[in-house]
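Keep in mind that this is a model prediction, so the values were computed, not measured.
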Amino acid sequence: MNYRKNIKISPYLFSVFCCFSLLFFPVFVYGELQTIHLPIMIDYSFLQSSIIRQAFNKPGEKAVPLDFGEGCGGIELWTPKVGPDKDKSMIKLGSNIKLRAGLPIGKTCIPLSEWEGYIEVFQKLFVDQKNMKLGLQTMDFQTLTPQRIRTSINPVLVDIIKTYLNPYLNKIVFDVDAPVKGLQNILPLFFQSKDQNNARSWLSTLRPGQVQIKQDGISLDLLMDIEKKLSQEKFVFADTLEEKQDIIKSWEEWDAFSVYQVHTLTGQPVTEEERNNILETILDARYDFFQKLEEGKLAKDFVSQQFSGAWQTFGPVMRKYLTKQHDISSDFMLFTAVSDVLSALNKTGLNIGINFNRDALTKLAQLISIHGLSPVLQYSHDVDRKLLDFFGLGQIAPAVPVPSIYINEIEIPGLSSENVGYNKRNLSYFYPLQFFLDLSSSRAFADEKTVDPKQIKPWVFKKDDFDPYLERTGRKLEQAYADVINKKRLDKRYHVLFKNLLLATAWQETCWRQFVESKGKVRPLESYNQTSVGFMQINVRVWRGIYQPEALRWDIDYNIQSGCEILDLYFQRYALRRAETRTLDMDTLAMTVYAMYNGGPGQYQKFLLRRKNYKYSKIDQLFWQKYLWVKGGQLNKLSVCLIGK
């Protein structure tokens, strides 16, 4: 007998079974799950603010666990300070304290003891996963004099502390639910529309895990469940034009966000070392982007990698200064939590489709916006005065009128192509990625009259003008060098070295040329990918916001002075401040600084590694030859690249 023909399943029962499966067995839908760890850092300033709000809530930020007016005893604390204990195993709450104990007899109080000094309370931090809170349990305390010297107090006062103060402080809790809900609201924006439902599903499983006490704050490990199959999906490079366009757009929006983070720090007492570290991070990120773009090695998670790396520099500085602005403290905590989680997600190596887009980054920027600073993220090449002030760069005014918009070339009567010199390095031919590297999405062409041909003509090299041309351009370089020396910041022992470095850099970059000519039309000398321009080949994308692109193109003085400023930056702020530099001879130091000029601050260590392994790059070798010629006074050899012999 065929029993299969007699078995019938009610449609109603089948529907109930499916709903039951969806509710209680999500693994049927999502596959096998795994738990990932997403640590976020909660600064002590936030803990301190919460403690003040809950316990030190009397006028003057005072805490009164036992009121002096309600009996013979009393406890009063003020000026709390929160941090780790020396072993980083407990929270240490320090505070000024005043204690009084007495014996009540009828309506009279007989004073027994009174003391005023300083107390340090040591509290264990624990996680209440059910209620999404962190709690404190007082374990010990020690008393000190107002000068912070250990001291003992009357046992009666010790009993008052144990009876009233410890339970009072044990009531303090830190809410984790609010920042978790904030993460669940904002993080889906960092996914493409088609992936946002998955992201919300993962984020719905966020819950607190272990907590660790560290020097700068407490690290709370958030746990999140995702499909295990994601750990097996590998990141790949962008292959199609559309994929590359998406990454470029995403990167530009992140770069604009990085600049906005700098804006939020303007006016803060950020140290010079911190400013230099931030500038190094931005420059290295930009150089890395253009190198990967040129090599065709843009990974689909490239922007996520750069965000994670940059946050290691921005995070500590922003936490140090922006938490002091109480009006943004709660939002700022969410800002740091989102940034921590985005960075942690990148470090997991999971291909979950993080997408850095303008809407998401703008929402993140709004969390740290302050009065007068609109969170508008715009990738612009305009000079950014806030950047100039923050980094102390770019305070150079164009010497001649320059156009405000892009001009490709101008016509100068009287120039003959046969007499303009050796044009082996004609740097303006078509480049496959030129579409992405234009100064703007659509270049505008201005009236040629905005550039004065008379100002340009002396700087277009002609074969029969070799010696006078070298004299004219040499004076420009001498003036830029003198400007650095006159600031009196560079040690005298480096003066000759810096001058040789400047001359050799200009030689290596452009053979001392600002312009090239073809058929009577003159244009600024550009690199093959049209990112670097002029006498010193300033990369307008890398130095976006610092230098004016059109002035770099059409003003030789502005270009040379800007390049000299960049060399000085790498020489004094980076090379001379690093311990390894003390072991370098002058010539090696010059090569190291040029490597940074050519490829960003990260080239410092990379060049020293090449030197150690005797594996110099072609650029290293070419610069070395020019440097030796400059050092030996053989500037006449410029004819090799200017004339061709």
Side-chain angles (χ1 to χ4, degrees), residues 412 415-429 431 456-481 496-539 553 556 559-560 563-564 566-567 586-588 590-599 607 610 616-645:
I412 299 182
L415 284 181
S416 171
S417 295
E418 286 101 15
N419 194 36
V420 294
Y422 187 54
N423 224 7
K424 182 178 181 180
R425 194 180 179 189
N426 187 337
L427 303 183
S428 296
Y429 59 79
Y431 180 59
I456 305 301
K457 190 173 181 179
W459 311 113
V460 180
F461 175 74
K462 298 181 288 294
K463 287 182 180 180
D464 59 4
D465 192 37
F466 179 78
D467 289 330
Y469 178 84
L470 256 59
E471 184 178 347
R472 291 195 301 272
T473 51
R475 284 198 300 267
K476 296 289 187 185
L477 290 166
E478 287 279 358
Q479 184 57 55
Y481 161 72
V496 174
L497 169 62
F498 187 80
K499 181 179 179 180
N500 292 339
L501 172 63
L502 174 62
L503 270 59
T505 297
W507 191 338
Q508 171 61 30
E509 292 298 309
T510 61
C511 195
W512 288 24
R513 293 180 297 169
Q514 175 73 16
F515 303 105
V516 291
E517 185 273 349
S518 177
K519 298 179 181 180
K521 293 188 176 181
V522 174
R523 61 185 179 278
L525 193 153
E526 295 178 325
S527 61
Y528 66 92
N529 57 18
Q530 296 190 323
T531 60
S532 300
V533 65
F535 204 94
M536 299 297 292
Q537 286 295 282
I538 313 297
N539 190 312
R553 290 168 55 79
I556 187 173
N559 192 290
I560 290 175
C564 190
I566 294 169
L567 272 178
M586 291 290 192
D587 293 342
T588 303
M591 292 186 70
T592 307
V593 174
Y594 176 73
M596 299 169 74
Y597 184 91
N598 185 62
F607 172 78
R610 295 197 297 271
Y616 294 104
S617 69
K618 184 66 177 294
I619 295 295
D620 295 334
Q621 298 173 45
L622 290 172
F623 172 78
W624 175 242
Q625 181 62 74
K626 277 117 180 146
Y627 175 78
L628 289 179
W629 284 339
V630 170
K631 190 177 176 183
Q634 296 177 284
L635 294 181
N636 62 310
K637 288 189 178 293
L638 276 159
S639 64
V640 175
C641 54
L642 284 174
I643 301 176
K645 59 181 180 180

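Taking Q634 as the reference, nothing meets the side-chain hydrogen bond (donor to acceptor under 3.5 Å, both in side chains) condition, with sequence neighbours excluded. In this structure, the ring pair (Phe, Tyr, Trp, His ring centres under 6.0 Å) partners of F498, at least two apart in sequence or on a different chain, are F571. The ring pair (Phe, Tyr, Trp, His ring centres under 6.0 Å) test applied to W629 returns W507, not counting sequence neighbours. For Y481, the ring pair (Phe, Tyr, Trp, His ring centres under 6.0 Å) test picks out no residue, with sequence neighbours left out.
Each of N559, V533, I556 was scored for a side-chain contact (heavy atoms from CB on, under 4.5 Å) with P524, with one residue passing: V533. Among the candidates F623, Y627, W624, the single residue satisfying the ring pair (Phe, Tyr, Trp, His ring centres under 6.0 Å) test with Y594 is F623.
The line from CG of L567 to CG of L501 is 5.0 Å long, rounded to the nearest 0.5 Å. A distance of 14.5 Å separates CE of M591 from CE of M596, quoted to the nearest 0.5 Å.
Residue pairs that meet the salt bridge (charged side-chain N to carboxylate O under 4.0 Å, His left out) test with at least one member in residues 469-480, sequence neighbours left out, are D465-R472, E471-R475, K476-D557, E478-K499. Note on residues 620-635: pairs passing salt bridge (charged side-chain N to carboxylate O under 4.0 Å, His left out), not counting sequence neighbours, are D587-K631, R610-D620.
The two residues A590 and L497 have their closest heavy-atom pair at CB-CD1, 3.6 Å. Between C564 and A480, the shortest heavy-atom distance links the atoms SG-O, 3.5 Å. Closest heavy-atom contact between Y597 and I538: OH-CD1, 3.6 Å.
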### Task
Please lay out, stage by stage, how Q537 and T505 fare under the test side chain to side chain contact (heavy atoms under 4.5 Å, CB included).
CA-CA 10 Å; Q537 286 295 282; T505 297; over 6 Å; no
